[in-house]
Structures are given as C-alpha cells and as structure tokens.
Amino acid sequence: MDSIFQGLGQAVRLIFTLDPDLYEIIAMSLRVTLSAVAIASLIGLPLGAWLAVNRFRHRRATIAVLNALMGLPPVVVGLFVYLLLSRSGPFGVLGLLFTPTAMIIAQVIIITPLIASIAHQAIRDLWAEYHDLLISMNATRGQRIRSLLWDGRRALLTAMLAGFGRAIGEVGAIMIVGGSIEHSTRVLTTAIALETSKGNLEFALGLGVVLIALAVAVNLLIHTLSGTERAPAW
Amino acid sequence: MSTLTGILGATDAPAGLREDSARPLLPLRLEGAVAQVRGRVLVGPVDLTITRTGVTIVMGPNGSGKTTLLRLMHGLQRLSAGTIRWNVPDDVARERQAYVFQAPIMMRRSVLDNIAYPLILHGVARREARARAADWAERVGLGAALQRGAPVLSGGEKQKLALARALIRRPEILFLDEPCANLDGRAMREIEAILLDARAAGTRIVMATHDMGQARRLASEVVFLYGGKVHESAEAGAFFEAPGTPEAEAFINGEIVE
Ligand SMILES: Nc1ncnc2c1ncn2[C@@H]1O[C@H](COP(=O)(O)OP(=O)(O)OP(=O)(O)O)[C@@H](O)[C@H]1O
Ligand SMILES: [Mg+2]
C-alpha cells in the first residue's frame, strides 16, 4: 500500500519537475502510437466499411479471419516483425530494427484488425438500418458508403480510440522490435517493465500513473474536440 | 463542328433517355407477380394495374401482404415469378418514385438534413436543398424542430418527417405504408390535406392503411388483400357500398377477419 502512495507521489513529482527523461518517453509513446493509429485507421476504416456493404465470395471467411486476427498475441507479432526486419530477414537492408518505425509497424499489425472489425460491425448495423431507405432513394454505391461513414463517424471514432488504447498499453511486441533503447526507442510501457525488473517500483508506478493519465486525457480530448458528449446520439 | 455542339450542348441527352424522361411513369402493370421467400409464397400471384390518376388504398388484415405488395411494386422485394412493368425502363422508374416505410427510417442527422437528403443525393446545392427542406418541414408541422436529431423525434413526428422527405422531389408515384399509424386526429387531417395537395400536383398515391375512415376519405380505388392474394380490386364507391366478398364485407364492418 505504501509503495502505491509513494508511486503516486513520484508520478506527481516527475510531471511537475518537468523531468526531461519522462517527457522524452511520453513523446516517444505518443509518436509511435498516434502514427500507428493513423495508419491503421487509413487501412481499417475503409476496409471495415467495404466489408459491411459488399457481398462477395468468401465474405464470411474474410470476416472470420479478421476477427481472429484481433486476438493475435502481440509477442508473436513482435517476433514476426523482428524476423522480417532483422539483418538476415527480407527487409533487413532497410535497417529498421530497433527504430521507432519498427515499433509503428508492429502496432499497425496489432490494431488494424481491431479497428477494421469495430468499424465493420458499426457500419454493418447502420447499413441494416438504412438499407431500404438508401435503395429506395436510388443512392449510388459511393453515396451509400459516404453517408454510412459520415453518419457512423462516432462509432468510427470509437474504433480509433480502441486502437489507441490497445497500442499505447502494448509492451510485448515493441519490446522485441524496439528494444527499449534509452533516448531512442524507450516508451512508457517498456520503461515500466524495465524499471520494475530493476526494482525501481516507485518510478515504475509513477510511469504507470502517467500512462493511465495519458490514455484518459487523449480520450477526453478527442471526445471534446468531436463534440461526442455534447450532442445526442446520432 | 456538329460534334462539338453535341459535346457542349448541356441538354443534349441521348435520344432514348430524353424520350424516357418525357414519358409518363404510369401505368404500372403487375402480371402474375409473386413474392416468395424460402419456398413460402408471401404474396401473389397478383394481376393489377395502377393507372395514371387517383388514390389506391391497399387494405387487408395483418399479415395479408400489404407491405410486401408495396415493396414488390417499388422494387424492394424480389419478384419470384411474373412481371412488373412500368411505362419506362426500370432504372429510370426508380428515380421518379418515393416510399414511406411502415417503420420510418430516420438517418442519424438533423430533421432538416433528413428532409434535404434526397435533394443532396441528386446534386442540389446544400444551401438550396436546406431552404426547400425547411419549407417542407414547415408544411408537415416540423418547422420548430429543424435542428433536432431525427432519431429522437416522437413516432408521429418521424412519420411526418418521412412524408416530407418522400414528397420533396415531387415523385410521380408515392407509396405509403400506414403513414398515419401513430398520428393523432389533427395530425392525420393535416397529413391527408398534404396528400390531397400532392395528388392535385400530379403525384399518384398508393397507400396501405388500417383506418377505414381514412380509406373512405381518400380512396378512389381499393385493393383488398387476403392471405397474400388480391381478394378484391374495385372502384372505391363500389367497394364500400357493395363489397364483392364476405371477407371484405366483414372487414369493412369492423368484424374480425381471420
Ligand atoms: N422477409 C420475409 N421472410 C419471411 N416472411 C415474410 C417476410 N416478409 C414478410 N413475411 C411474411 O409475409 C406475410 C405478409 O407480410 P406483410 O408485412 O406484407 O403483411 P401486412 O399486410 O403489411 O401486415 P401488417 O398489417 O401487420 O403491416 C406475413 O405473414 C409475414 O410474416
Ligand atoms: Mg405492413
């Protein structure tokens, strides 16, 4: 119990003393995670919408695979990306291993299925609701998808936030491909793991509090900016 | 030079298309039309002609196939057998119809944007579409609710919105599936007045209703469905004065028709 309070105290001290190491770690966490969310959204949101409104062969199988990919163990993804990027791997010449880019790649692989799957469910439900109306009004395929994406934008935002939440808290994969190198690829989660293993429990706890606060703050910020909590639900 | 004017001339639609859009949409002819789902016949075979003018009221007990018949005519229900032919090609026909669903479909947008939506789909500028939508909202009594979200409207308000949205492009034919089911007496009168206006402006009306009074006030022709078949199809006066079948007579008299 004591160490928890000391950890909280440590967190407050770290934040208000503008500890440069801490801010560097926070910045790296945000940079990697936000990049991954942006890329994964660019792939996952249109993919989810497309799966929702199109009938094609193997559609069910595709969706089943997508849902299964959501459960990919991050450590295995990390290993996979490691093998691809390592010196002897197919992309070894790019020299990306142990860089932020490698961490972004791993996170994109982890959260794209999540974002696509949530987007797919939301758009599918909305499409079921709108189907007869849009068909009756002779909306073109493009008009249908645009209307669904626009009217479903809150759900899509939720999908992105879910991706953000998963990515910012992820440790296994980015530890493997990023290496938690000080002043280079160290992020909040890998720093926590490292400090804990060194026995710096208070510092680790302080970082944990910062991590949670960051996740909450980003959620609140995005909700405020998009007005989700102001307007009613449509 | 002639090719150039051909390309530049904005009104220079292909000859076929120009003819089609000048042709009236109606009559609509159903011949042996059947709607079947997983081997079960829901409606049909139906032989029916919707002529150019008037108000057709579709009546019948719950589950008799009113909704299915309307959806079949509008092209939302797959035709399993027989033919349904408009006076113009099918792709042109859809553009000139509108449909008000039994359970109104509200887009997750404001009342104004819901009503303006059909215009936006057809390339009308947003500002003009909103202005015309505001007029229509006023007409159906939603003038004070323009910025409210359509999904939070009351049942009756949703039906009014659906009607305004259906009429805003001045369809040649309007299908209505029990549009007054949730309306109080006054709202029903207002809606009926709007429907009569639309009819006077040249919109053909085909409407399913349970309300006998409304049927008598509006109908010029009645289609009585029973067990998925057109049991009787007659001019309104004749139908109400002297129904041709015992089921129709019992229905008119408010008796329970199984
Ligand atoms: N997609 C469907 N699959 C299977 N059965 C259906 C389907 N749609 C309608 N039915 C059945 O077809 C019959 C006719 O339904 P319909 O909705 O046309 O009746 P209705 O006359 O409009 O009834 P109500 O007065 O209750 O609106 C009903 O028995 C219904 O259960
Ligand atoms: Mg019905």
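Chain identifiers are assigned alphabetically (A, B, ...) following the order of the sequence lines, protein sequences preceding nucleic acid strands; residue numbering begins at 1 within each chain.
Taking 4.0 Å as the cut-off between side-chain N and carboxylate O, B:Arg71 and A:Asp132 count as a salt-bridged pair. Between B:Arg204 and B:Glu221, at least one side-chain N (NZ, or NE/NH1/NH2) sits under 4.0 Å from a carboxylate O, which counts as a salt bridge. Salt-bridge formation is not detected for the pair B:Lys66/B:Asp177: no Lys NZ or Arg NE/NH1/NH2 atom is positioned less than 4.0 Å from an Asp or Glu carboxylate oxygen.
Residues A:Tyr82 and A:Phe80 keep their aromatic ring centres 6.0 Å or farther apart.
The contact between B:Leu76 and chain A is made entirely by side chain atoms (from C-beta outward), counting heavy-atom distances below 4.5 Å. Using a 4.5 Å cut-off between heavy atoms, B:Phe175 makes no contact with chain A at all. With a threshold of 4.5 angstrom between heavy atoms, A:Ser147 approaches chain B through its backbone and through its side chain. For B:Phe101, the part lying near chain A is the side chain, with the backbone staying farther off; criterion is any non-hydrogen pair under 4.5 Å.
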